[in-house]
Amino acid sequence: MYRYLEQRLAGRLLEFLKLHYPGASLPKVVIEPPPKVELGDFAIPVFPFAKPLRAAPLKIAEAIRAGVGPIEGIAEMQVAPPGYLNVKIDRAWMASALAADQEPPTSMAAGKILVEHTSINPNKAAHIGHLRNAILGDTFVRLLRYAGREVDIQNYIDNTGVQVADVVVGFTHIEKKSRVEIEALASQPRFDYYCWDLYARVSQWYAQDKENLKARSQTLHNIEDANSETAAIAEVISTAVLRRHLETMDRLDIEYDFLPRESEILHLHFWDAAFTKLKEAGVLTYEAQGKNKGCWVMRRAGTTSTTEGTGETEQSDQISEEDQKVIVRSNGTVGYVGKDIAYHMWKFGLLGRDFAYRKFYRYPNQHDCWISAMQGEKDHPHFGDVAEIYNVIDARQSEAQNTVIEALRGLGHNEAADHYTHFSYEMVALTPRCAAELGYTLSDEDKSRSYIEVSGRKGFGVKADDLLDQLIVSAKHEVDSRHPQLTDGERVSVATQIAIGALRYFMLKFTKQSVIAFDFKEALSFEGETGPYAQYAVVRAASIFKKAAIDPDTFFQDSSVSSVAFTKFLTGDNADEFWELWLAASKTSYIVNQCISTTEPAYLAKHAFQLAQLFNAFYHRHPILSETDESRKQFLLATVAIVRRELIRTLAVMGITVPPVM
RNA sequence: GGGCGCGUAGCUCAAACGGAUAGAGCACCGGAUUUCUAAUCCGGUGGUUGCAGGUUCGAUUCCUGCCGCGCCUACCA
């Protein structure tokens with residue numbers, strides 16, 4: 001409701017200003033929450049209007065206040081020095097809207113959105129860095145869906161690249177295993193862990209003797225022949241590891257709709273189609289000499305082609321070597337960026353080709369995840385061909401992402417390029433202390449750093465399943481001591497919900513551009529600004545209703561509950577402490593919208609924490625069930641019901657559920 | 001060298017679009033409830049927002065320079 005009121009207010013202000021100051025070029029009306037509740041619920045700084053309107057800020061504010069007229073849902077406006085217009089919400093109006101759970105639909109863009117996230121190389125176990133990606137991506141999907149958008153979730157699978165080849169080398173050259181032996185291993189429970197260790201060994205093996213690197217290039221070459229034994233082995237490994245990744249993410253309630261694989265992008269000739277168009281449009285140029293002789297290159301994103309001195313722009317067939325990004329190697333093979341360009345043309349329906357599809361993984365809720373195939377099933381959902389895309393990919397790849405966007409522009413697809421968002425975030429690294437705890441020996445230089453980058457190649461990192469297991473054990477320990485009357489199964493179930501809440505909250509509380517220096521102590525914490533803190537608030541709210549034998553979900557449908565009666569508690573003396581809760585509860589969709597427009601889910605975590613914090617203080621200060629004034633008791637219960645509802649919603653968007661007890 | 005980003009309390013982080021007294025959590029110190037379960041609450045200590053200029057009514061936020069740190073800058077992905 002807060003969002004709805006804000007939009008209504010903004011509209012009326014603009015209307016008023018246009019009418020009373022015709023012709024003046026007006027700056028954007030900024031509406032922000034004031035720093036304190038006493039000041040009001042919306043604040044409009046009017047300083048920016050002083051110059052264009054040739055009037056003092058206070059005069060403008062007063063003119064608006066006096067002239068804008070009544071607005072439904074707004075109680076009053078006050079002018080505050082040195083130049084703010086503070087607006088107070090009609091609390092009775094808001095109380096009734098919240099009690100009725102009204103959220104008027106807002107105008108939003110149409111069209112399907114595609115979110116790509118996770119995209120882990122299928123050659124080893126997922127680690128905490130991948131968790132951040134998947135949790136950010138999954139939460140963003142939930143945000144979009146909460147806002148009413150239709151979303152497809154894709155997880156790109158690079159099953160033909162160097163990383164998979166390296167593990168194939170490990171099995172065939174170091175362990176000298178046959179395909180049958182590998183298949184047997186691949187069906188073991190945590191095959192991805194096996195690959196994790198093997199991958200690290202392969203890197204060492206390469207380092208021991210440069211000659212060993214020949215095995216890599218030979219293997220890479222063999223994988224390209226789809227009918228070879230090597231390709232079959234790669235397929236076994238990458239498919240088994242991929243399945244493990246889906247299982248790991250499934251533990252966190254993260255699902256996908258479609259898994260496009262690089263092998264199909266190659267074998268269904270997506271690249272050939274893209275290559276033709278890129279050459280025709282002049283996006284790619286052939287280098288006849290220099291360091292990139294024999295390659296097809298593109299201008300690196302972010303570089304400009306101005307010639308010194310004249311200031312004239314060169315024709316694009318002259319790119320300095322530094323600014324060249326190799327798309328097609330001199331041996332004719334295409335690199336990752338090229339395949340990504342083809343894939344993104346497909347995403348926007350610009351390629352003129354499509355995958356074949358088959359079912360790959362079924363979730364407990366019966367939802368199917370599809371995978372690309374050479375020959376697929378006849379009936380399948382329609383993927384791709386979307387209006388907007390978001391790619392959840394870490395910041396290290398922003399140059400590659402921008403190169404893909406520039407390629408789309410070069411092809412004349414500006415509309416697509418404008419709707420291409422690289423959802424960029426920073427990596428998860430380990431604190432030196434954490435690295436030491438894991439048994440890694442650190443150089444003195446490393447010890448002095450604030451964080452150390454995770455390295456799959458070195459096997460240096462915290463595996464996703466291990467972290468989740470540890471969180472569950474730790475939560476179970478707490479649950480055991482608090483709820484000995486429950487069965488072990490029930491306690492495991494509660495502990496699992498808490499563990500997921502802690503993990504998902506932990507990954508979302510940091511803003512995207514902040515490097516997370518991972519530390520077990522912090523990640524395993526269930527107190528303070530954590531997921532369990534928010535879950536606990538909901539459990540407390542629920543227990544009040546349980547004891548009162550009232551269903552909080554249908555509380556407001558009871559005819560004896562009247563939101564009109566609440567007004568007296570929201571507007572009298574000392575009402576601000578209650579109003580703060582109602583106001584915060586009204587902001588969920590406002591926050592969701594803010595998260596989407598800034599691609600920053602951290603605001604949602606803040607919102608959950610704020611609601612929980614306000615509730616816990618309220619809970620402590622006001623005994624509810626023992627309240628003797630019946631109308632006051634109803635009001636307090638209503639407050640609990642509203643905050644509980646919004647907190648549950650907010651947590652659900654973060655992918656966090658609330659256990660029955662804690 | 002070039003590109004991108006970061007630097008805020010002892011530690012980890014907030015403060016979207018420039019706005020009112022820069023806020024949390026952890027840690028530390030001191031308190032609270034024989035209650036709807038303390039995974040809670042209340043209070044306290046803790047800041048020259050890296051440094052120096054500039055822009056303006058107003059700068060943690062924008063601009064310039066410097067210092068420090070990270071990532072990218074492969075015919076890897």
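In what follows, every chain begins at residue 1, and chains take the letters A, B, ... in the order their sequences are listed. Computed from a prediction, not measured in an experiment: that's the story for all the values here.
- For the residue pair A:E262 / A:Y156, a side-chain donor-acceptor distance below 3.5 Å is found, with atom types taken as modelled.
- Contacts between residues 399-407 of chain A and RNA chain B, defined by a heavy-atom separation under 4.0 Å, are absent.
- In this model, a donor atom of one side chain and an acceptor atom of the other lie less than 3.5 Å apart for A:Q401 and A:N391.
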Atom pairs under 3.5 Å, N or O on each side, protein against nucleotides 7-13 of chain B: can you list them with distances?
| unit_1 | atom_1 | unit_2 | atom_2 | d |
| --- | --- | --- | --- | --- |
| B:U12 | O2' | A:E522 | OE2 | 3.3 |
| B:C13 | OP1 | A:V515 | O | 3.0 |

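- In this structure, the side chain of A:H127 engages the main chain of A:G129 through a donor-acceptor pair within 3.5 Å.
- In this structure, A:E62 contributes its side chain and A:V79 its backbone to no donor-acceptor pair below 3.5 Å.
- Taking A:E453 as the reference, A:R396 meet the side chain to side chain donor-acceptor pair (under 3.5 Å) condition, with sequence neighbours excluded.
- Straight-line distance from the CD atom of A:Q163 to the P atom of B:C76: 14 Å, rounded to whole Å.
- The residue A:P659 sits apart from the nucleic acid: no heavy atom pair falls under 4.0 Å.
- Every residue meeting the salt bridge (charged side-chain N to carboxylate O under 4.0 Å, His left out) condition with A:R504, not counting sequence neighbours, appears here in chain and number order: A:D138.
- Residue contacts shown for A:D166 are absent, as no nucleic acid heavy atom lies under 4.0 Å away.
- Remark: A:R433 pairs with A:E437, A:D519 by the salt bridge (charged side-chain N to carboxylate O under 4.0 Å, His left out) rule, at least two apart or across chains.
- For A:E600, the side chain to side chain donor-acceptor pair (under 3.5 Å) criterion is met by no residue, not counting sequence neighbours.
- Applying the salt bridge (charged side-chain N to carboxylate O under 4.0 Å, His left out) test to A:R621 and every residue at least two apart in sequence or in another chain returns A:E577.
- At the heavy-atom level, A:D519 lies nowhere under 4.0 Å from the strands shown.
- Taking only distance into account, the side chain of A:S543 never meets the base of B:C36 through a donor-acceptor pair shorter than 3.5 Å.
- Nearest to the side-chain atoms of A:Y451 among the listed nucleotides B:A39, B:G70, B:A77 stands B:G70.
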Produce the list of close N/O pairs, under 3.5 Å, pairing protein atoms with atoms of nucleotides 41-46 of chain B; give distances to one decimal.
| unit_1 | atom_1 | unit_2 | atom_2 | d |
| --- | --- | --- | --- | --- |
| B:C41 | OP1 | A:Y533 | OH | 2.3 |
| B:C41 | O2' | A:H620 | ND1 | 3.1 |

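- Between the base of B:C36 and the side chain of A:K546 there is no donor-acceptor pair shorter than 3.5 Å.
- With a 6.0 Å radius and a threshold of 12 heavy atoms from other residues, nucleotides or ligands, A:N331 has its CG atom above the threshold.
- Remark: C1' of B:U40 and CD of A:E478 are 14 Å apart, rounded to the nearest angstrom.
- A:G335 comes within 4.0 angstrom of sugar-phosphate atoms only, judged by non-hydrogen atoms across all strands, and of no base.
- Atom NZ in A:K36 sits about 12 Å away from atom P in B:A20, given to the nearest Å.
- For the P atom pair drawn from B:C11 and B:U48, the interatomic distance equals 13 Å after rounding to whole Å.
- Qualifying side chain to side chain donor-acceptor pair (under 3.5 Å) partners for A:K476, counting only residues two or more places apart in sequence or in other chains: A:D480, A:D488.
- Contact check, A:Y336 against B:A74: no side-chain N or O comes under 4.0 Å of OP1 or OP2.
- Nearest heavy atoms, A:F140 versus A:I596: CE1-CA, 3.9 Å.
- In this structure, CD of A:Q397 is placed 10 Å from P of B:U73, rounded to the nearest angstrom.
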Validation: residues 29-39 of chain A side-chain donor-acceptor distances under 3.5 Å, sequence neighbours left out:
none

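- Not counting sequence neighbours, A:Q594 has no partner by the side chain to side chain donor-acceptor pair (under 3.5 Å) test.
- Distances from the side chain of A:R300 to the nucleotides B:C75, B:A74, B:A20 place B:A74 closest.
- A:F47 does not qualify as a stacking partner of the B:G58 base, lacking a centre-to-centre distance under 5.5 Å together with planes within 30°.
- Note: CG (A:L284) to P (B:C75) measures 16 Å, nearest angstrom.
- Interface remark: the A:N292 side chain does not form any donor-acceptor pair with the B:A74 base, using a distance-only criterion of under 3.5 Å.
- Base pairing in RNA chain B yields stems of at least 3 consecutive Watson-Crick or G-U pairs, both distances under 3.5 Å, namely B:1-7 with B:67-73, B:10-13 with B:23-26, B:28-32 with B:40-44, B:50-54 with B:62-66.
- Put simply, A:R329 has a side-chain N or O that comes within less than 4.0 Å of OP1 or OP2 on B:A77.
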